[in-house]
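Order of the sequence lines sets the chain letters (A, B, ...), proteins ahead of strands, with each chain counted from 1.
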Protein chains: 2
Amino acid sequence: MERRAYDCAEGCPVESTLQFVSGKWKSVILYRLFQEQVGRYSDFERWLPTISARMLARQLRELVADGLLEKKIYAQVPPKTEYRLTPFGQSLWPVISAMEQWGRGYNLAHAKATSADVPAK
Amino acid sequence: MERRAYDCAEGCPVESTLQFVSGKWKSVILYRLFQEQVGRYSDFERWLPTISARMLARQLRELVADGLLEKKIYAQVPPKTEYRLTPFGQSLWPVISAMEQWGRGYNLAHAKATSADVPAK
DNA sequence: AGAGTTACTTACAAAAGTGTTAGTGACTCC
DNA sequence: GGAGTCACTAACACTTTTGTAAGTAACTCT
């Protein structure tokens with residue numbers, strides 16, 4: 001692991017990344033789009049059942065504003081929108097992937113004693 | 001990029017990771033420790049000049065509680081404490097590293113026009 | 001004409017996060 | 001014996017984030 005001099009005060013690379021990815025939902029939304037390529041508003045509601053409509057709309061709006069997602073609106077009724085990753089958004093794959101990997105390992109190691117995986121004594 | 005079926009509702013690996021790393025300061029603190037190996041409370045104050053004492057203490061406490069950092073208190077006056085990564089904390093290196101890499105690239109691409117790098121017309 | 005559809009927005013309220021200021025303990029140095 | 005040191009903590013206020021509930025637009029289908 002190499003060592004260099006960084007100044008987290010200004011231009012800290014980790015902070016730059018966090019600027020786009022921080023917030024509970026954003027990385028999960030991105031993660032889902034890496035899997036599915038495309039998602040409609042209602043898809044996200046299904047994929048993230050605990051997010052509220054308000055939050056979902058807001059996070060999507062911010063991701064679009066940040067240039068990570070693009071939104072395609074079909075002029076039809078009932079309305080239809082599609083979200084997908086821009087190339088810029090796709091460039092975050094290493095970050096999201098690292099999170100996924102680590103989380104996978106963590107989940108295995110800390111597999112919770114749920115009704116499913118604990119044999120009834 | 002392979003595709004598998006995940007359920008972000010329960011046991012989403014990305015969410016598991018976020019649980020430990022989310023929050024503006026935590027990943028930056030970890031990042032710093034990956035560079036420096038050891039840090040005293042006052043070191044962090046220097047490294048992250050914009051964090052408040054209250055936040056710093058709180059984030060460190062949480063990182064210790066989560067098992068990512070260990071805290072060593074020297075019984076001397078004035079007091080001295082040292083924080084370093086536990087093996088569990090070190091296992092997050094791929095995540096922090098990916099963030100650093102991406103942020104580095106982003107900073108290069110979006111190098112802001114500061115007084116330093118803009119010749120005075 | 002009334003109900004259904006999708007993708008939202010708005011207003012209000014509760015909860016979480018964060019900053020500011022001041023203070024503590026215990027010992028050493030002047 | 002008063003000041004200085006370090007690593008914090010407590011109380012209070014404020015701001016940001018998030019949830020809840022309700023509503024909107026516009027067109028199709030019955």
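- The backbone N or O of A:Leu68 sits less than 3.5 Å from a side-chain atom of A:Thr86, completing a donor-acceptor pair.
- Using a 30° and 60° split on the angle between ring planes, B:Tyr106 and A:Phe20 fall in the perpendicular class, above 60°.
- For DNA chain D, the neighbouring residues in residues 54-80 of chain A, judged by any heavy atom under 4.0 Å, are A:Arg54, A:Met55, A:Val77.
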Test side chain to side chain donor-acceptor pair (under 3.5 Å) applied to A:Glu82 and A:Tyr41, step by step: CA-CA 7 Å; A:Glu82 284 180 349; A:Tyr41 182 90; over 6 Å; no
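- Aromatic rings of A:Trp47 and A:Tyr83 (six-membered ring for Trp) have centroids beyond the 6.0 Å cut-off, not under it.
- The separation between B:Leu48 atom CG and D:dA7 atom C1' is 16 Å, rounded to whole Å.
- The shortest distance between the side-chain N/O atoms of B:Tyr41 and the OP1/OP2 oxygens of D:dT5 is not below 4.0 Å.
- Nucleotide C:dA7 holds its C1' atom 13 Å from the CZ atom of A:Phe44, rounded to whole Å.
- In this model, the phosphate group of D:dA7 is approached by a side-chain N or O of B:Ser42 to a distance below 4.0 Å at OP1 or OP2.
- Relative orientation of the B:Trp93 and B:Phe34 rings is tilted, given thresholds of 30° and 60° on the angle between their planes.
- Checking the phosphate oxygens (OP1, OP2) of D:dC8, a side-chain nitrogen or oxygen of B:Thr81 falls inside 4.0 Å.
- Residue A:Asp43 contributes atom CG, which lies 15 Å from atom C1' of C:dC8 at whole-angstrom precision.
- Rounded to whole angstrom, the span from the CD1 atom of A:Ile51 across to the C1' atom of D:dG19 amounts to 11 Å.
- At least one donor-acceptor pair under 3.5 Å links the side chain of A:Ser91 to the backbone N or O of A:Phe88.
- Contact annotation for A:Tyr83: backbone-only contact, meaning every heavy-atom pair under 4.0 Å involves sugar-phosphate atoms and none involves a base.
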